[in-house]
Structure formats: structure tokens, C-alpha cells
Number of protein chains: 2
Amino acid sequence: MHTRVGGQVPAGDRRAGQDSAGCAGARCGAGAPLGLCRPRLCAAMAEEKPLTVVTCTAPVNIAVIKYWGKRDEELILPINSSLSVTLHQDQLKTTTTAAISRDFKEDRLWLNGEEADVGHPRLQSCLREMRRLARKRRGGSAGAAAPLSLAYKVHVASVNNFPTAAGLASSAAGYACLVHTLARLYGVEGELSEVARQGSGSACRSMLGGFAQWLMGERPDGKDSIAQQVAPEMHWPELRVLILVVSAEKKPVGSTAGMQTSVDTSPLLKHRAEAVVPERMAQMIQFIRQRDFEGFGQLTMKDSNQFHATCLDTFPPIFYLNDVSRRIIALAHRFNAHHGKTKVAYTFDAGPNAVVFTLADTVDEFVEVVKGSFPPESNGDQFLKGLPAGPASLSDELLSTVVLEPVPGAIRYILLTKPGPGPQPLDDPNLHLLGADGLPRSSA
Amino acid sequence: MHTRVGGQVPAGDRRAGQDSAGCAGARCGAGAPLGLCRPRLCAAMAEEKPLTVVTCTAPVNIAVIKYWGKRDEELILPINSSLSVTLHQDQLKTTTTAAISRDFKEDRLWLNGEEADVGHPRLQSCLREMRRLARKRRGGSAGAAAPLSLAYKVHVASVNNFPTAAGLASSAAGYACLVHTLARLYGVEGELSEVARQGSGSACRSMLGGFAQWLMGERPDGKDSIAQQVAPEMHWPELRVLILVVSAEKKPVGSTAGMQTSVDTSPLLKHRAEAVVPERMAQMIQFIRQRDFEGFGQLTMKDSNQFHATCLDTFPPIFYLNDVSRRIIALAHRFNAHHGKTKVAYTFDAGPNAVVFTLADTVDEFVEVVKGSFPPESNGDQFLKGLPAGPASLSDELLSTVVLEPVPGAIRYILLTKPGPGPQPLDDPNLHLLGADGLPRSSA
């Protein structure tokens with residue numbers, strides 16, 4: 001929600017995009033920010049260095065049909081469609097506060113408490129695009145003078161509740177959150193996945209809850225390269241997601257640079273994008289609609305492996321999986337073989353951490369198997385984070401055929417979560433990351 | 001050379017395939033084995049449990065365009081052509097002794113001193129095929145009665161001077177050696193790569209020295225799926241080969257099972273075989289003919305990476321590279337980047353060991369770089385085996401940009417070798433692996 005810090009707007013009383021039409025620039029005076037103020041507050045603005053503030057959260061998503069490679073680097077248009085599961089924000093989220101004020105001298109950005117370069121081209125793309133949409137919207141509805149407040153500078157602060165650059169698609173949640181927050185700040189509605197896509201490709205999928213596909217589109221201008229929901233988060237209530245955090249080291253090759261090298265050098269990637277993915281997209285949508293875990297899990301694993309195969313076919317080759325990742329893969333296959341069906345399915349992004357899909361009835365046992373295979377070293381009581389799991393006793397046969405050669409400490413912790421909704425407003429003004437002065441709160 | 005143990009034939013005085021026409025069965029009596037005896041020895045055979053013995057050595061080869069996947073499992077017909085460098089037998093070889101005697105009760109086999117199952121289908125394929133060719137040859141030249149000696153049982157002993165199943169293509173050298181040895185024993189000449197292929201696909205390339213291609217062929221009977229020499233071993237005298245032995249652990253998935261799973265499950269392997277390899281074969285032959293190390297090295301690395309990519313695209317995925325392999329890959333790319341050109345080129349088979357091609361003028365420096373990156377733990381004086389290397393001092397810039405984060409003990413040793421000739425006879429009867437009793441010598 002957007003909140004006027006200077007004017008004590010009760011949290012949650014209005015929603016961006018619902019009120020802006022009723023707050024035309026002329027009624028607020030020249031100082032009114034973009035019609036987001038409420039008329040009764042306008043008078044107070046000049047004295048109190050008025051600030052319009054909005055805070056939202058946005059989710060991480062994990063692709064089950066992978067995106068790797070752009071056909072247009074400027075607009076971030078992919079060489080193939082992709083499909084992901086949006087993870088629940090109770091466990092993983094980005095929180096972003098955006099504020100505008102006529103007193104701000106320049107656009108500024110803080111990431112995880114540290115001031116960052118606001119001139120980053122992709123951030124600028126999103127800012128420019130959101131301001132353009134706001135201008136268009138105002139122009140369309142009021143049809144008159146350009147709103148001065150669009151020239152106001154913006155302050156943005158963003159934090160993740162998980163380590164960045166560990167292959168957990170932090171940029172996806174980050175840009176989805178930025179775009180969603182700016183949209184509420186500027187009162188912009190409609191198709192926003194296209195804007196988020198220009199920040200980080202996979203961010204467009206984080207604009208939706210549940211199961212989302214990113215259609216690659218065909219148009220050169222990218223207007224049809226957008227995210228669509230395949231199914232909402234409650235479609236498959238038994239689905240669970242375990243993130244096996246192998247390492248929080250910074251990944252060796254960033255995905256942006258990596259995928260472009262792949263496009264330039266990998267013959268296999270080109271074939272994958274053209275000949276393999278279209279069929280897999282259709283299959284995956286079917287599996288999800290039918291809640292077919294066998295099909296969903298097998299295809300998820302195959303597509304993860306094929307993505308990493310194209311990384312290896314890149315020159316110089318790119319490696320995101322390490323020996324621990326490979327042990328997790330082998331463990332998952334042994335676990336499924338033991339059960340005679342697909343009970344767990346791994347997928348890996350641009351880092352060594354595993355994301356494992358399973359169903360609620362398998363969680364307890366698999367957590368126990370992971371504990372046995374990668375015995376926690378120091379943080380035994382904190383090994384499982386997120387949703388709770390119950391105790392499970394493993395059969396002797398499972399222990400002897402699945403839990404082989406334990407590697408203590410190789411997995412730092414497990415985060416248990418499930419599919420979740422798309423970006424959400426944060427109504428509590430105490431949760432804004434920027435204070436009344438428009439700077440990060442010391443407590444943030 | 002074949003030698004009659006019972007009859008004191010001077011070593012090296014005759015060559016199989018040259019003498020057999022002059023030793024027809026009738027002249028030796030019913031007991032003469034396959035015409036390999038010399039008439040003056042025939043009389044002694046009955047009393048002395050005569051034995052005809054041949055010992056040969058055969059080389060390892062390392063593919064630079066990889067073979068992975070069969071279109072016919074029985075005949076071992078590949079889904080794509082491949083190309084390899086034959087390594088010098090001064091460093092790596094299989095030695096095989098084959099003996100026949102009318103006193104042998106059954107075919108027997110010893111591998112590295114241990115008796116092994118002679119009924120292995122592929123071994124039987126080679127034995128059957130060699131006996132068929134021998135029969136055909138006798139039938140063709142003598143045109144008369146079937147030689148009884150073809151029914152004699154054979155004893156075969158084979159040893160490698162390197163660890164088996166460590167991704168060093170021991171089966172290739174093994175089957176090449178078997179077929180070459182049996183050919184000399186039975187006096188068979190002509191196209192033998194087709195027989196070796198039926199033992200182990202890549203064995204057909206070990207039948208030739210220097211640079212050999214294995215043409216995939218088109219015929220269903222495999223008669224055109226044979227090895228051809230691209231260039232002899234002295235064509236590129238500066239070329240050197242370093243084998244970085246990472247581990248002698250047994251590989252997790254054997255290549256026979258692995259490649260068939262790949263054929264069945266990897267969409268990328270099919271594309272590689274059909275659309276990528278044909279062009280690469282032509283390019284690689286050009287690079288070798290022109291002694292173009294830049295082209296040869298780059299394509300060698302790319303093709304190794306693509307092979308391992310198709311392993312990863314297999315389901316369940318197959319991993320042969322481990323974290324040390326990946327460190328070697330990164331090291332090679334840093335080394336080349338430092339020099340601004342391709343000075344070293346890695347390739348990996350079905351195991352973690354790296355095979356690195358380079359030119360003579362780079363050996364000393366690269367060995368020093370490997371020593372610095374993977375400091376020997378206990379065997380510092382034996383770290384480099386095979387051909388000698390000289391001292392080299394590394395520049396500060398090279399040390400600071402190439403030799404990063406040393407991992408002590410990760411490489412067990414380096415074996416330095418170079419391209420070499422095809423299978424060779426061993427003339428010294430003291431080197432036979434089987435004694436006068438047809439059993440492995442205790443000293444073997």
C-alpha cells in the first residue's frame with residue numbers, strides 16, 4: 001500500500017490504481033505526487049516534506065521449464081518459453097519500498113541496506129517504462145497537462161530475506177517487486193509482466209502466483225512476451241518445495257553473461273530452444289493441470305538436466321552444479337527407485353542449490369533421508385527452516401539402498417515451502433524500508 | 001610375434017601372415033596349429049605339449065571427436081563417426097599373449113593376472129570372428145579340408161600398464177590387442193578394425209597409429225564401419241599429451257550402459273550425432289592435416305564438453321566430470337587466456353581424468369602450472385611420469401592470474417606422452433604372459 005508518511009494515512013485504507021483517478025493534479029496542486037495523494041492531505045504536504053510511500057513484497061519463482069538465452073538483449077526477449085512455480089512469500093520474498101517526493105534531488109537505490117547504482121540500465125528500463133505508463137495513463141484519463149509529479153525523483157529500497165546470487169533467482173523477485181511497487185506508487189494497472197521482464201527475464205513470472213508460463217512471443221517489440229498464469233497457487237495444495245541450500249557462495253558466472261555466451265556458442269541450446277522446449281511446455285502444462293506428479297517430476301528433472309547440459313556445451317563451459325549437487329541428484333534417483341515411482345524431483349538454477357518438489361505425504365521421510373545423507377554439523381536444530389516437518393523413521397531397506405556414504409555438513413539447511421501467491425502490498429507502515437526522511441530506516 | 005614355446009623358435013624370426021601359406025596342415029600333420037608352425041618343429045610337438053604363442057601390445061587412444069551411442073548394439077555400430085589420437089605405447093599399453101594348443105581343454109582368459117569370464121559376449125564375438133576369418137582364409141588359399149587346429153582352444157592373458165576403468169579406454173587397447181594378437185596367431189590379414197569394433201567400439205581406432213577416424217558407416221552389416229588413419233604418428237611431432245590422473249576410482253556408470261541410456265533418453269545426443277558431428281569431423285581432419293593447434297585445441301575442448309553435456313541430458317543423468325575435473329577445465333581456460341591463444345586443450349572420456357594436448361614448447365610451463373595448482377602431497381618426485389619435462393619458472397603475472405586457489409593432492413600424477421604407433425608384436429619370448437604350460441607366468 002502507498003502511505004503518506006507525512007500525513008498519517010491509515011495503512012491499508014486505499015489501493016493504488018483505485019484512487020488515482022479521483023486525485024487529479026489540479027485538485028492537489030502542483031506539489032501533489034501523481035494523484036496518489038488524497039485531497040484532504042494535500043494541504044499538509046508543503047510543510048511536512050510530504051512523501052508518498054508504497055511497500056510491497058514479491059515472490060521467488062523456480063522454473064521447471066528453464067529459460068536460458070535471449071533473442072533480444074535490450075528488451076529481454078527469450079529464445080524459448082518457460083514455466084515456473086511461484087514460491088510462497090512466507091519463506092522467500094523480496095520487500096521493496098518506493099517513495100517519491102518533490103524534495104528528492106535524485107533517484108536513489110538501496111539493496112539490502114547498501115546504496116547501489118541507480119543507473120543500472122535494467123533498473124532504468126523499468127523506471128522509464130513505469131513512468132511512461134503512468135504518463136500514458138494520466139494522459140489517457142485526464143487528457144490534459146503533463147503531471148509535474150512524474151518528474152519527481154524516486155527512492156527505492158529493497159531487501160531479500162535470503163542470500164542473493166546463490167542461484168535462487170533473487171533478481172526475479174527483486175524486479176517483480178520493484179515493478180509492482182512502482183505500479184502502485186504511480187497508479188498504473190494492467191499488463192506489468194512485460195515491464196518486469198525488462199528488468200530480469202524471469203521476473204515476469206514472479207508477477208503471478210501459482211504456476212506461471214512466460215510466453216516467448218514473436219513480436220520484435222516484445223509486447224507478446226508476457227507471463228500468464230497456468231494455475232493458481234491453491235490448484236495443487238499437496239505440492240511442497242524443499243530448497244537444499246548447498247552453499248551461499250557467489251555463483252561463478254552470472255546468468256546474464258552466461259546465457260548470452262550459451263546463445264553464441266552452444267549448438268545444443270539452439271536445438272533445445274527450437275525443437276525440444278515447445279513440446280515440453282505443452283506437456284508440463286498438462287501435467288500441472290492434471291496434478292500428475294509422476295509426469296511433472298520427471299519432466300522437471302529432465303529439463304533441469306538439459307539446461308545444465310547446454311551450460312556445459314557453452315564455450316568456455318559453465319558449471320553451476322558441484323559435487324554436492326550431483327550427490328543430491330543421485331540421492332533423488334535412488335529415493336525414487338526405492339519407491340518405484342517419482343516421489344521427489346530436483347531442479348537447479350544458476351547455482352548449486354537444489355530445489356526439490358514433492359508431495360505433502362513424502363516430506364517427512366525425505367527430510368529424514370536428507371538429514372541422514374548430509375548430517376548437519378553444527379546447526380542440527382536449525383537444519384529445517386520454513387514450514388515444519390514431522391518425524392519419520394526410515395526402513396532398514398531404505399537406509400541401506402538410499403542413504404549411502406553420508407557427507408556431513410554438505411548441505412547447510414533445508415528450507416521447506418510451497419507454491420504461493422504473486423506480489424502483495426504490505427499494509428503496515430511500520431514495515432516501510434524508507435523512513436519519513438526518504439532514507440533507509442536504521443532498523444530496516 | 002608368435003613363438004613355439006615347446007620348440008625354441010628364435011624370437012622374431014617369422015611374422016604371422018607371412019609364413020602360414022607355407023605351412024599347410026598336411027605338412028605339419030593333424031596336430032599343427034593353423035599353419036603357424038614351421039615344418040622342422042612339427043615332429044617335436046606331440047612330446048612337448050606344443051604351444052603356439054603370440055604376444056603383442058596395443059595402444060590407448062583418446063577421442064577428440066567423441067563416440068557415444070550405438071545404432072546397433074550387437075555389431076557395435078555408432079550413431080556418429082569419431083576421431084582419436086593414438087597414444088604412445090612407451091607410456092600406455094595393453095600387452096596380450098594368446099596361445100593355442102591341442103592340449104587345452106577350454107578357452108580361458110586372464111585379465112591383469114586374474115582369471116576372467118571367457119564367455120563374455122563381446123570377447124566371444126571377437127574370437128568367433130577371428131576364427132571365421134582364419135577359416136575363410138584357409139579355405140580360400142588351400143580350398144580343401146577344414147583345418148582341425150581351428151577347433152583348438154585358446155588361452156589369452158592380457159595386462160594393462162595403467163589402471164583399468166578409470167576413463168582411460170582400457171577396453172579399447174584391450175580389444176585392439178586381442179584382435180591383433182589373434183590375427184597373428186591365426187595368420188589373418190586385412191581389415192581387422194571391424195573385428196576390434198565388435199569387442200569395443202573405440203577399439204577399432206586403436207588398431208591404427210597416429211590420428212585415426214572411425215567412419216560410422218551406413219551398411220546394416222557394419223562392413224563399412226571401420227577405422228582409417230587420418231595421419232601417421234610422426235605427422236605432428238611437436239604434439240604432446242598430458243594425462244592428469246585425478247582418481248583411479250572405478251567409474252560410476254560404465255560407458256556401455258551409459259551410452260545406451262543416452263541414446264534412449266537424450267534429445268540432445270540425437271541432434272549432436274546428426275547435425276553437429278559430421279561438420280566437426282571434417283573440421284578436425286583439416287586442423288590435424290594443417291597442424292593447426294588453435295583449431296584442433298578449441299574443437300577438442302568443445303567436443304569433450306558436448307559429450308559430457310549429452311551425458312547430463314541423459315535420464316537419469318550421467319556425470320563423469322567431478323569438481324577436480326572442472327578445476328582443470330577452468331585452469332586450462334585461464335592458461336589460454338593468459339597467453340591470448342589456445343596453448344592447451346583438455347578432453348575427458350568416461351571418467352574424471354583429464355587428457356591435455358599441448359605442443360612441446362609449452363609442456364614445461366604447463367607442468368609447472370599444474371604442480372602449482374594441485375601441489376603434490378606425498379609423491380613429489382614421482383608426480384611426473386612418462387616423458388621427461390624440464391624446469392620452468394612462472395612469471396608473477398601468470399602465477400597471479402592462472403594459479404589460483406591451489407588444491408593439494410587433487411591430482412595424483414601427470415603422465416606425459418605423445419602420439420604413437422598402432423599395435424606391435426613383442427619379439428622377446430621372455431615377455432610372453434603365458435608360460436610353456438599355457439598358464440600365466442608367476443612373474444607376469
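In what follows, chains carry the letters A, B, and so on, assigned in the order in which the sequence lines appear, proteins first and then strands, with residues in each chain numbered from 1.
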* **Test item: A/Tyr413 and A/Leu244 side chains (from C-beta on) under 4.5 Å apart, heavy atoms** => no
* Leading residue by heavy atom contact count with chain B [cutoff under 4.5 Å; candidates A/Asn305, A/Leu321, A/Thr310] -> A/Asn305
* Asked: Do we see a donor-acceptor contact under 3.5 Å between the side chains of B/Ser81 and B/Trp214?
  -> no
* Could you tell me whether the side chain of B/Ser266 and the main chain of B/Thr314 form a donor-acceptor pair under 3.5 Å? => no
* Structure fact -> Sorted by chain and residue number, the side chain to side chain donor-acceptor pair (under 3.5 Å) partners of B/Ser84 (sequence neighbours excluded) come out as B/Asn61, B/Arg205
* **salt bridge (Lys or Arg N to Asp or Glu O under 4.0 Å) contacts in which one or both residues fall within residues 257-274 of chain A, not counting sequence neighbours** => A/Lys270-A/Glu274, A/Arg272-A/Asp303
* To do: Kindly say whether B/Lys66 contributes a backbone atom to a donor-acceptor pair with the side chain of B/Asn80 at under 3.5 angstrom?
  => yes
* Asked: Counting a contact as any heavy-atom pair under 4.5 Å apart, which residues of residues 277-291 of chain B contact chain A?
  -> B/Arg280
* Pairs of heavy atoms under 4.5 Å with chain A: top-ranked of B/His308, B/Gln306, B/Met301 -> B/Gln306
* To do: May I ask you to decide if A/Met216's main-chain N or O and A/Arg71's side chain share a donor-acceptor pair within less than 3.5 Å?
  => yes
* Are the side chain of A/Ser262 and the backbone N or O of A/Gly258 linked by a donor-acceptor pair below 3.5 Å? -> yes
* Asked: Quick one: does B/Thr362's side chain have a donor or acceptor within less than 3.5 Å of a partner on B/Thr358's backbone?
  -> no
* Write out, in numerical order, the residues from residues 327-345 of chain A with a heavy atom short of 4.5 Å from a heavy atom in chain B. => A/Ile329, A/His333
* **Test salt bridge (Lys or Arg N to Asp or Glu O under 4.0 Å) applied to A/Asp313 and B/Lys302, step by step** => CA-CA 7 Å; A/Asp313 189 48; B/Lys302 286 178 184 172; over 6 Å; no
